[in-house]
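Below, chain A is the first sequence line, B the second, and so on; all start at residue 1.
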4 protein chains.
Amino acid sequence: MTSIDETADGGEPDTGLLAPVRAGTAAEAATGDSAVLQALLDAEAALTRAQCTLGLAPAEAGRRVTDAARPDRFDARSLALRARAGGNPVIPLVADLTREVAELAPEHAEFVHRGATSQDIVDTALMLVAARTLDVITADLLRTAEGLALLAAGHRDTPMPGRTLTQHAVPTTFGLKAAGWRSLVLDAHDRLVRTRATLPAQLGGAAGTLAAFHAYAQQPAAIDGDPGLALTAAYAGELGLATPDLPWHTLRTPIADLAGALAFTAGALGKIAADVLVLSRTEIAEVAEAAGGGSSAMPHKSNPVRATLIASAARQVPALSAVLFGAMTAEDERPAGPWHAEWQPLRDALRLTGGAAQQAAELCAELRIEPERMLRHLDLTEGLILSERLSAALAPVIGRNAAKELLGKASRRVAEHGGTLTDALRQESDALPAELLRALTDPRGYLGSAGALTDRALARTPDRNPR
Amino acid sequence: MTSIDETADGGEPDTGLLAPVRAGTAAEAATGDSAVLQALLDAEAALTRAQCTLGLAPAEAGRRVTDAARPDRFDARSLALRARAGGNPVIPLVADLTREVAELAPEHAEFVHRGATSQDIVDTALMLVAARTLDVITADLLRTAEGLALLAAGHRDTPMPGRTLTQHAVPTTFGLKAAGWRSLVLDAHDRLVRTRATLPAQLGGAAGTLAAFHAYAQQPAAIDGDPGLALTAAYAGELGLATPDLPWHTLRTPIADLAGALAFTAGALGKIAADVLVLSRTEIAEVAEAAGGGSSAMPHKSNPVRATLIASAARQVPALSAVLFGAMTAEDERPAGPWHAEWQPLRDALRLTGGAAQQAAELCAELRIEPERMLRHLDLTEGLILSERLSAALAPVIGRNAAKELLGKASRRVAEHGGTLTDALRQESDALPAELLRALTDPRGYLGSAGALTDRALARTPDRNPR
Amino acid sequence: MTSIDETADGGEPDTGLLAPVRAGTAAEAATGDSAVLQALLDAEAALTRAQCTLGLAPAEAGRRVTDAARPDRFDARSLALRARAGGNPVIPLVADLTREVAELAPEHAEFVHRGATSQDIVDTALMLVAARTLDVITADLLRTAEGLALLAAGHRDTPMPGRTLTQHAVPTTFGLKAAGWRSLVLDAHDRLVRTRATLPAQLGGAAGTLAAFHAYAQQPAAIDGDPGLALTAAYAGELGLATPDLPWHTLRTPIADLAGALAFTAGALGKIAADVLVLSRTEIAEVAEAAGGGSSAMPHKSNPVRATLIASAARQVPALSAVLFGAMTAEDERPAGPWHAEWQPLRDALRLTGGAAQQAAELCAELRIEPERMLRHLDLTEGLILSERLSAALAPVIGRNAAKELLGKASRRVAEHGGTLTDALRQESDALPAELLRALTDPRGYLGSAGALTDRALARTPDRNPR
Amino acid sequence: MTSIDETADGGEPDTGLLAPVRAGTAAEAATGDSAVLQALLDAEAALTRAQCTLGLAPAEAGRRVTDAARPDRFDARSLALRARAGGNPVIPLVADLTREVAELAPEHAEFVHRGATSQDIVDTALMLVAARTLDVITADLLRTAEGLALLAAGHRDTPMPGRTLTQHAVPTTFGLKAAGWRSLVLDAHDRLVRTRATLPAQLGGAAGTLAAFHAYAQQPAAIDGDPGLALTAAYAGELGLATPDLPWHTLRTPIADLAGALAFTAGALGKIAADVLVLSRTEIAEVAEAAGGGSSAMPHKSNPVRATLIASAARQVPALSAVLFGAMTAEDERPAGPWHAEWQPLRDALRLTGGAAQQAAELCAELRIEPERMLRHLDLTEGLILSERLSAALAPVIGRNAAKELLGKASRRVAEHGGTLTDALRQESDALPAELLRALTDPRGYLGSAGALTDRALARTPDRNPR
């Protein structure tokens, strides 16, 4: 006997208290239990309507079921509690929906869920939820890309230190950095749009043969062609989802594609956050979030909170995706565990990624850039940041190895005794005239293809109509 | 400017619609946002009281803050939405709690959160939540172990096929299997109990030096010894948590220990579920869940739903734990991302594991065993399941290699032409007399140490008082 | 000072002793250290040749570097040991390659690695390794799909029990199951082929601006357009890799795409393995691996070893992919850790997936199907497997609820007292005439769209020329 | 037919080319295929000797098998290739070992592997490998802790900025930071030592009942008590491993404990690396690796390579541990996949963690600290880093809210117009006399319990003798 008191409570409100990255975002609303309930009901109503379309049920039945399938008639918490008995929420939902229809029109109650299995409804509903959430996310990614395009164009020629393994390497530009961020955001966008376009309805019946629909089809009417295939197409059409080649109860391509595209997106946004966090450091301060976050203890703090929250999402989504990829190993015609393990991770991956995308759009719209600090930092290493360039200039004069040796020596002198690299070099060698040396150590003159790369990257447009 | 309309809604109820394994369980209640809010307020109140104890605040302040720190005075959704601005829910909570205290007793409002940082409160609250949830889980594990002890003792000598790589191998007993399950459950129990005993309060102030408490301590009173250390001990004492050696803002031992112990527990329960799922298969049916789950399509179905839901949890928790272990790489005195990435995965790991434990307790109390089917299955391979034994018996007579060869030949004959292994052997050789052969192919006589192992394993008791 | 004795040993041979799924496979050879060394040298040689093409280096230099860049001239273990000092193997490789070239033609030694950074070479080499391994894997997936097409066509109408949550549900066909497997394999194939086509060369120089190439370009010759962009295109062309829009030192799209496509593929193959493992069970035995694996203890065992090894790979690759997705959060122009964390997981994901693909191809070519056992199993539940169909037939006669109730009652009678569902139904009701009842309980008549779905799925061809 | 050409090659040398963190380390040597082969042979020999001890085999057999079980007599690559047929390397190993013994002493060949199953040997060998590697790792952790103790004691009172969410927060000390690192390293050490002490031998025979040993025991001699239990104890004794309560073929406590302890250790070291990477940044430069890594492009670079490589390990091990925890869900008496999926991740987790530990020991022995830069950085925020302290000082004078408001105002003035916080405060208010203000803004006076905490943490000693 179960210890659940089904009448005890209205469920635990998940206010997002422990998930600020998505609290209050559109993605959170699109993935919450209300949205899931809505999608489950949408799927049930569409299934009945599709049967009407093919003449397998009276048109009136479709209307009545659609009327009854309004979320406010259902108690999500009660469904959740009763879901434990059968392992999924559709079993109690069908009972409640049938009762609702029976109250409106008893003669049509039999057309509720007719021929379907629970997984048809859960999977289809999750595809609806995913599609709706992806629409929100891709819009935020486009906003992010727009903000970044402005930053990249505006700072096409703003020099700053390029950093590798935490150390100043050679100069780069903030424009190239922002163009790179945008490129990654567009990569994420295009992957989500492509995945979005392929999200299929699910219809297979008890074990994927659609046999029950044949049984019902024999009774009222003849259908041209295979009734299972025809019904699947009609059902997908009602929902605006793709028609699958096969029922995919245990062929989890759509889930795996979502796993990949969401992990990609969270990672892409995580890259931006990682850079903002470095560049916001007190000692660096080359960028700042416009509205930094406060502190409960320190009146002066202005924290890079958006980047922090994005980073928190980027750390969670790959693991959730690993669960989803792992669930592809689904035995039989419906697995005992892998399928049930997909629901919450998929929802969490959607809302964490969506929360991060909204934060990123706002972050990129507001980010403050400090070109003067960037420029000043190029001098921090007293010219060492141009050692590669000097190496290239010295090589044809004194040979590559000698150049490397000379620069190593001069670099160590700077590190140990201070002074500039130019001075140190001149003390060691007069291979390059002073004036040339001065010109070669102007970081603004050693930006290589940064501008050309930025221009090329900015010419790219998002892929709005995949295949 | 943020796009959140903070007045829009009361938050999305997370009814557990997509997480039936924990819907309605005690672990769910112990980890929900209400429980988190309670724990946050408990931490704040304890901090003020601890300061009173040391004479750093008037005793009345502790009482007033405790009075005000009642969850029904606070709006979790509003806290969640305002949490985005600073990245955590304590900043708005302190504002609200201060306002509440000010209404009751304006002169004591200043003692709210005095000297603390947000992380002191969030971390302490999560330890309270974890401690309370672990108490629930360990109780369910003990119930599970009790059910399994009964099964193991009752079926100490019930023979069944031992299966390796999906194939019948040699006989074993259901008692040994159940004793093994119990052993794993006790391993999980002991690890959780040990972790539970070490969960510490968190107190470090802005960056882990407890300096603000020194600043406040200078004013009202002298404390014997270091005021930071004294306060930490008093605070932990108020909460029933362990006193940490050091503030652990970025020394995440408690989180990592929880990650390990919860992944272990989910895996241990997952092992039981995996076995129940195999043994419940239509073709095997050696065990059955007492109240199997129904189907929305097929009137006859009785599904192993509890095992399925446990399996769904076991697939998720290791990934959540990987996020938690990964969050140990927390830079500085408070990291930008890793810390924030812990909250939701920790909560999810607790409630999924707790849900699985409750399911397991019920599963093990109710599991139906079918000894007759087990016995019948021992004959399924026509004696092949005893080939190892025959090999051992033949070896001293005709040599080990010849024995192996003979048995291979006879096994192939059975596989290809049917008949029993005994018959096939006798057609090939008369090395063993017929009567002996008959005795050797009685599976009940080839159970080795199964009984002794079961007895030894059942003698083990749970570790109730670690260290 | 490092404690490594660089002369101590020739490195630990990784014979695959702990990874039988890939031991001896083409994917293992394509990803081993020899293959990596080859690819590193290919990248270095191509870079010099590309500079020659643009007139930045004498043509002879390209030939000489290419001559010198032969793996047998290099000691991989020595490179590995010396890699620790700088964190990657290119630093010692450049030293050794420069020395080799200098021996052949001292005047061309300066053109080795000129203008490049270590990451240009490591990333490009890993793309070469990935491309070469994907070619092996996609070929094995095509072989797998061919084997499955034969099975699906040959068993288009072979009925077998459809199983959900481990229980018999309704009949399906083995053809539909095999067609589903094939569909998943083609999904994997198409994703790998699409990813393969986009794998780019890496060229950015020290921090992604290609500035050093500008420095060198100024000296010998003028190039039409931006020399960095021109060189990147020439370099990619030499290698048969795609030309990237931007250097991707910290824009890890190619790695993430590989992560997703490989996790997908391992999961797809894992699904097949999961089914084979279930269907191979002693009690089920509806399929068998042609050459089952033996046992060190039991002469009779024939284990589904290929499926087991595939399953072992499917459990590992998602976690490796999570590491790769996580490495997208790469700070700066070259990150300290995320990049270095990609190398081994990428290689392991490639060789585990490749090993699984080779096993799958062999498995599907050899799998033995037992149609008679499948047919016999359809009777195991005494007709219950057709309860859904009877429900559909009874509903129009006695109403949906009454039908459901009647079938529930009859099903329980069968479960408790034995006998067939037909008999039980007739004892309870005469709503359906005996003859019809007999016809309705023939499982071969309740296969729905199985045939049509199989035909449609088999009409699909692999995507050989993406985009 | 398999496509493996078993004679083709000697296996791919895994030189560590893609895994510099462990290339050439003692942990690599302890986990390589040679070490695994050694451990497999140790297990086989110990099993025979244990049987001799109990009188189940002639003493000479134990000596002969031990003589034959020398790795140089075996070809690991051949074993690996032949392992594919049965799914594990023990099947061919037993064949080869039997042949070797037969050559030495034909009459004792039958005692090789007698009564055992492959898993007995593989699991035991992996425990030996783990035990030997843990000994190496814990020694390196002790070295690391020693280095950190020196740093912590030496810099007990060295003030530096405490940083939270990337921003200066309040002062802390380097001593406290190093003491925290040490505390985490000791936590890791103690967990590994505890796990090490419990690593058990594996002995269960074909399906965990030890039945074959009973069969053989009946022949030569009587044993006091259960022969399976007696043999297990003797076997474990031979190997220096713990005696398990039960065979643990599918009760994976030891593997899961290793997973948790290794992920913990990698995370602990990852924390140190994360801090070193931040503090090494060009703009911060408060610490430096003694022997920074070079660059293939830039002569001046000195990269924090050790920290980078440690960070690369910390990113991989949690995912590997998730695979190991996931493998606890092992069905039956030997699972088809989960077990096989443990081997390589366990080995990789051991050698990555071990590599990181060796790097950490060296890093901590050599780390250069720059107290002057730390001190200078405390002034970077012009006094804002003491805003919390000033808040505490002002509160009793002008009230908490007014103090907070005043400091917020003054902080903004500093941020916008420059100048020091002291000046800004004095322009806004004269609540605190100038002299006191000056004293309050000396960061060395606001270190709270840093010293006391450091002392307490340094008093802790490693746990050398767990229970």
Toward chain A, the part of Ser183(C) with a non-hydrogen atom under 4.5 Å:
side chain
Sort Pro338(C) into side chain, backbone, both or neither according to what part of it lies under 4.5 angstrom from a heavy atom of chain A.
neither
Contacting moiety of Ala261(C), where chain A heavy atoms sit under 4.5 Å:
neither
So which of Gln167(C), Arg389(C), Arg191(C), Arg460(C) has the largest heavy-atom pair count under 4.5 angstrom toward chain A?
Arg191(C)
Taking every non-hydrogen pair under 4.5 Å, which of Ala330(A), Gly260(A), Ala256(A) racks up the most with chain C?
Ala330(A)
Quick check on the interface: out of Leu210(C), Thr253(C), Asp245(C), Thr454(C), who has the most heavy-atom pairs with chain A under 4.5 Å?
Thr253(C)
Could you look at Leu447(C) and say if it's the side chain, the backbone, both or neither that has a heavy atom under 4.5 Å from chain A?
backbone
If you measure from the Lys or Arg side-chain nitrogens to the Asp or Glu carboxylate oxygens, is any gap between Asp226(A) and Arg456(C) under 4.0 Å?
no
Part of Trp181(C) within contact of chain A (heavy atom distance under 4.5 Å):
backbone
Any side-chain heavy atom of Leu229(C) sitting closer than 4.5 Å to one from Ser449(A)?
yes
Checking heavy atoms, do the side chain of Val170(C), its backbone, both or neither come under 4.5 Å from chain A?
both
Report which part of Val112(C) has an atom under 4.5 Å of a heavy atom belonging to chain A: side chain, backbone, both, or neither.
both
Basic-acidic side-chain contact under 4.0 Å: Glu333(A), Lys177(C):
yes
Turns out that what part of His340(C) lies under 4.5 Å from chain A's heavy atoms comes down to side chain
Whatever's closer than 4.5 Å to a heavy atom in chain A on Ala169(C) counts as side chain
Side chains of Leu176(A) and Thr209(C) in contact at under 4.5 Å (non-hydrogen atoms)
yes
